Amino acid sequence: MAHQDEATSASTGTEVGTGGGGSGGGADVSTLSGLVHETHRDAADLFELARQELAKNTGSRQSPSADPRLALHAIDAAVAAFSAHLSVMEGVVYPTAATAVPDGPARTAALRETAREAAGMMRGIEQYVQGDRYQPGSGVSELRANLVELGQAHARAEERLLSDLEERLAGPELLRLREDVQRAMRRAPTRPHPHLGHRAGVASRLAARLAGHWDHLLDTMDARAVAGRPVRAPAPAGLWGWYLLGRPTSDQAHPGTGTSGD
């Protein structure tokens, strides 16, 4: 996707990542730092899409194409992607970085704290998305803007940490860590958990994994579109499915006919 230049980014506050991408190609995703940089850029794109959709529903004159549901879907997808990224970094990369880079424990602790703060903001956004009657005092547009600003600082610190980490780990170690990141993304939590999984240690990582399983179950139940995850085709109804739908089982033998042989 095309990205805004630094001046535009500074005036609109849309970049979650470092904002140095431009339109001239992406980072080398075969490296750990390149993969994470592209993840930051993807999150930036999603939050920018959410900003555009939210803007259509504000002001004195709404866009003719304005649909409040599109704005909520866009920001919900952004929250899902950013939540998964934060959880994977905390569970997979930070433990290694804490022992390998200078001031590792202090730097990763600071990143965990901003991740927890970001999760709190995203929880507020989710309350709007879910129609929670106990919504935060800040509006969803304000929460998005604050989250993007926090995300910028977090991404810059995270990418500096990765740069130092890559200077100190051997090639095979970095490749294994990158593969672990990709694998963990498939089961990472897709919803914010401000009070869960933001500490160092095995217990926190286990809690995040359980939260991921629960979130994926909720995603399926809600038919929620999650960025980066393929949409599954509906499964055949089966014998009991046809019975519960009130359709004759002979329809299975003649799909699309809508008749039972009358």
Side-chain angles (χ1 to χ4, degrees), residues 13-17 39-58 66-91 111-155 158 184-199 204-205 207-229 231-232:
T14 58
E15 292 283 352
V16 170
T39 302
H40 289 157
R41 289 176 53 136
D42 288 343
D45 286 336
L46 289 168
F47 279 110
E48 168 60 9
L49 175 61
R51 184 194 67 79
Q52 293 173 3
E53 292 296 335
L54 287 167
K56 293 177 183 178
N57 292 278
T58 59
D67 185 342
R69 294 171 298 178
L70 293 180
L72 293 179
H73 287 326
I75 201 162
D76 192 36
V79 164
F82 199 36
S83 295
H85 166 71
L86 292 177
S87 181
V88 168
M89 294 301 290
E90 290 185 86
L111 284 166
R112 289 181 189 278
E113 178 57 27
T114 55
R116 185 198 62 77
E117 189 177 349
M121 294 179 183
M122 289 190 287
R123 177 59 190 138
I125 291 172
E126 287 289 277
Q127 288 178 281
Y128 282 101
V129 172
Q130 297 165 4
D132 192 330
R133 60 180 296 185
Y134 299 108
Q135 295 173 348
S138 302
V140 66
S141 294
E142 182 181 354
L143 286 169
R144 187 214 66 88
N146 292 339
L147 177 60
V148 166
E149 183 178 357
L150 180 66
Q152 288 178 335
H154 182 88
E158 196 168 73
M185 282 296 293
R186 293 195 288 268
R187 60 175 183 265
T190 58
R191 297 167 194 253
H193 301 277
H195 308 294
L196 189 67
H198 297 289
R199 301 190 179 201
S204 187
R205 292 198 294 273
R209 179 170 295 190
L210 292 174
H213 286 303
W214 178 246
D215 289 351
H216 292 186
L217 175 61
L218 292 178
D219 292 342
T220 301
M221 293 172 63
D222 295 342
R224 184 184 189 213
V226 177
R229 187 180 303 169
V231 178
R232 295 181 180 179

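Worth knowing before you read on, the calculation uses all heavy atoms, side chains too, and leaves out hydrogens, waters and symmetry mates. What you see is a predicted model; the values in this text were computed from it and never measured.
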Smallest separation among heavy atoms of [X] and [Y], with atom names:
X    : Y    : result
A50  : A74  : CA-CB, 3.8 Å
A119 : P194 : O-CG, 3.6 Å
L150 : A118 : CD2-N, 3.5 Å

Taking side chain as C-beta onward, heavy atoms only, is [X] less than 4.5 Å from [Y]?
X    : Y    : result
R123 : D132 : yes
Q127 : V140 : no
P189 : S83  : no
D215 : H193 : yes
T39  : E158 : no

For this session: Only counting residues at least two apart or in another chain, list the ones meeting ring-ring contact (aromatic ring centres under 6.0 Å, His included) with H154.
Result: none
Please check if the side chain of [X] supplies one atom and the backbone of [Y] the other of a donor-acceptor pair under 3.5 Å.
X    : Y    : answer
H213 : R187 : no
T114 : L111 : yes
Y128 : P136 : yes

Value rounded to 0.5 Å, distance of [atom1] in [X] from [atom2] in [Y]:
X    : Y    : atom1 : atom2 : result
L49  : Q52  : CG    : CD    : 6.0 Å
F82  : I125 : CZ    : CD1   : 10.5 Å
H216 : T220 : NE2   : OG1   : 8.5 Å
R112 : L86  : CZ    : CG    : 11.5 Å
R144 : M122 : CZ    : CE    : 13.5 Å
E48  : E53  : CD    : CD    : 10.5 Å

For this session: In sequence, state the C-alpha distance, the side-chain angles, and the governing distance for R51 and I75, and then conclude on side-chain contact (heavy atoms from CB on, under 4.5 Å).
Result: CA-CA 8 Å; R51 184 194 67 79; I75 201 162; over 6 Å; no
